[in-house]
Amino acid sequence: MATKLKTIGTNQKFKITCSLLAVVFITLSFAALFEAYWFNWDYTANTNNYLESDELGNKVLSAYDRIDRVYNFYQSEENIRAGNAIDTTALEDYKWALLAEQDIYYPENMGVSTEQQMLDDPVFWEPYADKLEAKKKQLINESLYQYERLKKELEQTQGLSYVIERQGVKNSQPEDVAQDDLLNRRVNFTYNKGAVSSSLPNLDQYGILGYAAQPDFIVTIGFDDAYIAQREVGYQAERLQFIWLISIFVLFFILAAICALLACISAGQKKELVGIHLLPIDAFWIDAHFLLLLGVETLVITAIVFFYDQNFPRAVMIMLFAVGAALGLNFLLSLVRILKDSSFWQRLLLLKLTKQIWKFIKNQFKKITLYYNDVMKGSPTVKRFMFWAILLVVLALSVQVPILGICSFICIIYLLYLGGKKAKKYDGILDGLERIKNGEVDYKLTGFEGALGELAEGINAIGDGISLAVSEEVKSQRLKTELLTNVSHDIRTPLTSIITSIDLLKNGKLDSEENQKYLDILENKAHRLKVLTDDLFEAAKASSGNVEVEFQAVDMEMLMTQGLGEMEEELSKSQLEFITQYPKDLFVVTADGRLIWRVIENLLFNILKYAQKESRVYIEFSKCDENKTGTVVFKNVSAQPLNISPEELMERFKRGDETRNSEGSGLGLAIAKDLMTIQQGELKLEIDGDLFKAAIILPLAE
């Protein structure tokens with residue numbers, strides 16, 4: 001049985017049917033209840049006996065109230081037109097409205113002692129006589145209208161008869177009815193000079209009723225027995241119909257509750273699914289869903305009341321109620337699924353907001369604590385700032401300027417928050433300066449913004465400059481050491497050969513052939529010393545920029561062709577194949593032709609010394625229109641491994657041949673680099689394995 005119920009509970013059609021039936025039954029129960037209320041059956045279920053019902057008691061008292069107002073208060077049309085039936089309260093309210101227009105609210109504003117004197121002062125009200133007279137006429141017309149309306153309602157009241165005696169004058173309806181006849185009727189009511197008696201129970205408890213303006217006012221009311229008998233039959237039929245409607249309401253309400261309960265039991269269950277199956281709407285915050293539902297239901301109820309007042313068809317109101325019931329059941333089922341899933345607390349937006357607010361408050365307290373520890377605590381600048389700020393508050397309060405003191409306090413809080421951080425950062429800059437001054441030139445100031453950020457960047461730049469200067473100085477010292485080492489080595493080697501050759505020649509023991517050999521050695525080594533001396537001199541001039549430069553338009557293709565032709569003998573002996581790729585267009589740059597050829601010559605001699613024998617050398621021309629520069633690239637394969645960076649290779653006395661077996665001075669590339677710099681050009685080197693690439697870059701001539 002349990003398995004069968006579980007299977008039914010997971011059936012989708014069963015759940016939908018239960019939900020629909022719950023909405024239908026609750027709508028039908030509302031329709032039955034609304035049908036009972038539609039005809040204003042306020043007193044139908046009061047009692048089983050019509051003579052004891054509130055409906056009949058209310059009808060008798062309503063009849064007396066109309067009679068009292070017509071014959072006791074209004075009395076007659078002539079009495080109303082004479083102004084004797086004017087409601088004095090309405091006239092006084094009008095006078096108060098006139099006083100309010102003049103901004104008069106109290107007796108002292110008019111120079112009197114009581115409010116009644118304000119209302120009765122003839123001198124004050126004389127200018128308002130026309131307005132007061134018009135108001136009286138309006139009230140008289142309203143009284144005439146009410147008088148005629150009440151008389152007509154008395155005439156139209158079914159089964160009503162009455163006899164009135166006032167100041168010796170009798171009135172009756174109908175005219176031939178007698179007072180004794182009214183007292184013998186099943187339903188009668190008598191008001192006799194303040195005393196009340198009636199055949200109906202509980203009516204004599206009211207004592208003096210209505211206005212009772214005249215102490216001799218006597219009223220006797222009676223309802224026709226035939227009319228009462230007819231109403232008793234109608235009352236019982238209406239009561240029976242009311243009971244049926246209430247029974248239908250209770251029955252459908254119980255059925256709706258049962259269907260809703262079954263829908264709740266099966267909510268969240270699905271075939272072949274372990275656990276609770278949630279719908280997309282369940283992802284919505286449950287409290288936000290409830291507030292939204294509450295708003296919609298309020299609109300539905302408001303619309304029902306509005307349509308009821310405007311006498312719309314009942315079907316419209318019932319459909320609106322069905323919509324509200326469906327939305328309510330949807331919320332209930334969503335709540336049940338969430339409760340079954342044990343995720344109620346996770347779907348409360350209010351709880352999450354509370355946690356977020358609490359977390360925010362904790363974070364603010366934490367920030368305040370961190371702010372105090374990081375900014376205010378231990379900062380001499382912030383302490384000085386606080387001292388002067390507090391002194392400002394004390395001075396403001398001491399001169400009895402509380403507003404200034406309060407404003408100063410607010411400013412202090414604001415400045416402590418913003419200015420305190422800047423003061424702390426100012427201390428950080430001072431600390432950074434101290435560290436840089438003590439030799440930590442690589443220390444960087446970070447995390448600064450605005451003016452302090454610019455100051456920090458300037459200090460960092462100074463540190464970088466000092467670091468670069470130190471690095472350059474170290475490099476300069478290293479170069480000086482290398483200069484001494486390399487120059488002494490390069491000079492000592494040919495000098496040793498020269499000294500040795502001179503000693504051998506001085507001995508005189510050499511034959512003519514050997515004498516010529518050593519003379520050739522002396523000539524070669526002396527030439528080597530001259531080349532080294534010239535290179536040192538040229539390197540010094542190029543490095544210092546002490547070289548005259550004559551800029552002109554230089555045709556690089558013509559210069560290269562001419563230069564290669566002059567070096568044809570050296571190139572042919574080199575066992576290298578030179579491949580030149582000239583540009584299609586005219587290739588003219590702005591440079592000094594003499595100096596640029598010196599650069600090209602150095603690169604070519606460098607290639608002749610260090611290139612792999614029987615390999616190819618490529619010379620390529622290219623233009624860059626975007627940068628307006630021209631580039632000549634020399635590419636060759638090195639005979640020796642190039643285990644050195646391009647930057648080191650362009651330093652003085654650096655050679656691709658680290659064994660220093662070649663006759664180069666190691667100054668060629670350094671000289672070429674400096675010559676390119678003074679011509680506003682650039683020399684770039686690239687090394688890829690054994691592939692050596694040198695590029696000279698110059699601005700194109702306009």
Check [X] against [Y] and note the closest heavy-atom contact, atom names and distance.
| X | Y | result |
| --- | --- | --- |
| Phe284 | Leu292 | CE2-CD2, 4.5 Å |
| Leu698 | Gln679 | CD2-O, 4.0 Å |
| Ile338 | Leu278 | N-CD2, 4.4 Å |
| Lys613 | Leu576 | CA-CD2, 4.2 Å |
| Ile619 | Leu604 | CD1-CD2, 4.4 Å |
| Asp592 | Glu550 | OD2-N, 2.8 Å |

Side chains of [X] and [Y], heavy atoms from C-beta outward: is any pair under 4.5 Å?
| X | Y | value |
| --- | --- | --- |
| Thr631 | Val633 | yes |
| Ile596 | Met676 | yes |
| Phe344 | Ile286 | yes |
| Thr580 | Phe621 | yes |
| Ile607 | Lys635 | no |
| Val589 | Val632 | no |
| Ile600 | Phe634 | yes |
| Leu608 | Met567 | yes |

Original post:
What do you reckon, is CD of Gln364 surrounded by more than 12 foreign heavy atoms closer than 6.0 Å?
Top reply: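 Above 12, so yes.
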**OP:** Can you measure from CG (Asp282) to OG (Ser334) and round to the nearest 0.5 angstrom?
**Re:**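 Going from CG on Asp282 over to OG on Ser334, the span is 4.0 Å.
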**OP:** Examine the side chains of Asp690 and Ser638 and answer whether a donor and an acceptor come within less than 3.5 Å of each other.
**Re:**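 Note: Asp690 and Ser638 side chains miss the donor-acceptor criterion.
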Partners meeting salt bridge (charged side-chain N to carboxylate O under 4.0 Å, His left out) with [X] (sequence neighbours left out):
| X | result |
| --- | --- |
| Lys573 | Glu569 |
| Lys340 | none |
| Glu682 | none |
| Lys628 | none |

Original post:
Within the distance-only criterion (no hydrogens, no angle test), does the side chain of Ser615 pair as donor or acceptor with the backbone N or O of Ala611 below 3.5 angstrom?
Top reply: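 Between the backbone of Ala611 and the side chain of Ser615 there is no qualifying donor-acceptor contact (under 3.5 Å).
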**OP:** Report the C-alpha separation of Lys693 and Asp688 in whole Å, then their side-chain angles, then the decisive distance to 0.1 Å, and conclude whether the side-chain contact (heavy atoms from CB on, under 4.5 Å) test is met.
**Re:** CA-CA 8 Å; Lys693 183 190 297 185; Asp688 186 4; over 6 Å; no
Original post:
Parallel, tilted or perpendicular for Phe290 and Phe331, by the 30°/60° rule?
Top reply: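 The arrangement is tilted - the two ring planes meet at 30° to 60°.
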**OP:** Just do the side-chain contact (heavy atoms from CB on, under 4.5 Å) check on Leu348 and Thr354 with the steps written out, would you?
**Re:** CA-CA 10 Å; Leu348 281 178; Thr354 303; over 6 Å; no
Subject >> Pairs flagged by salt bridge (Lys or Arg N to Asp or Glu O under 4.0 Å) wherever residues 341-359 is involved - sequence neighbours left out >> reply: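 Applying salt bridge (Lys or Arg N to Asp or Glu O under 4.0 Å) to every pair that reaches into residues 341-359, excluding sequence neighbours, yields nothing.
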Would you tabulate the side-chain donor-acceptor contacts of residues 553-565 under 3.5 Å, counting partners in other chains and residues two or more places apart, or write 'none'?
| residue | atom | partner | partner atom | Å |
| --- | --- | --- | --- | --- |
| Asp555 | OD1 | Glu557 | N | 3.2 |
| Asp555 | OD1 | Met558 | N | 3.4 |
| Thr561 | OG1 | Glu557 | O | 2.8 |
| Thr561 | OG1 | Tyr582 | OH | 3.2 |

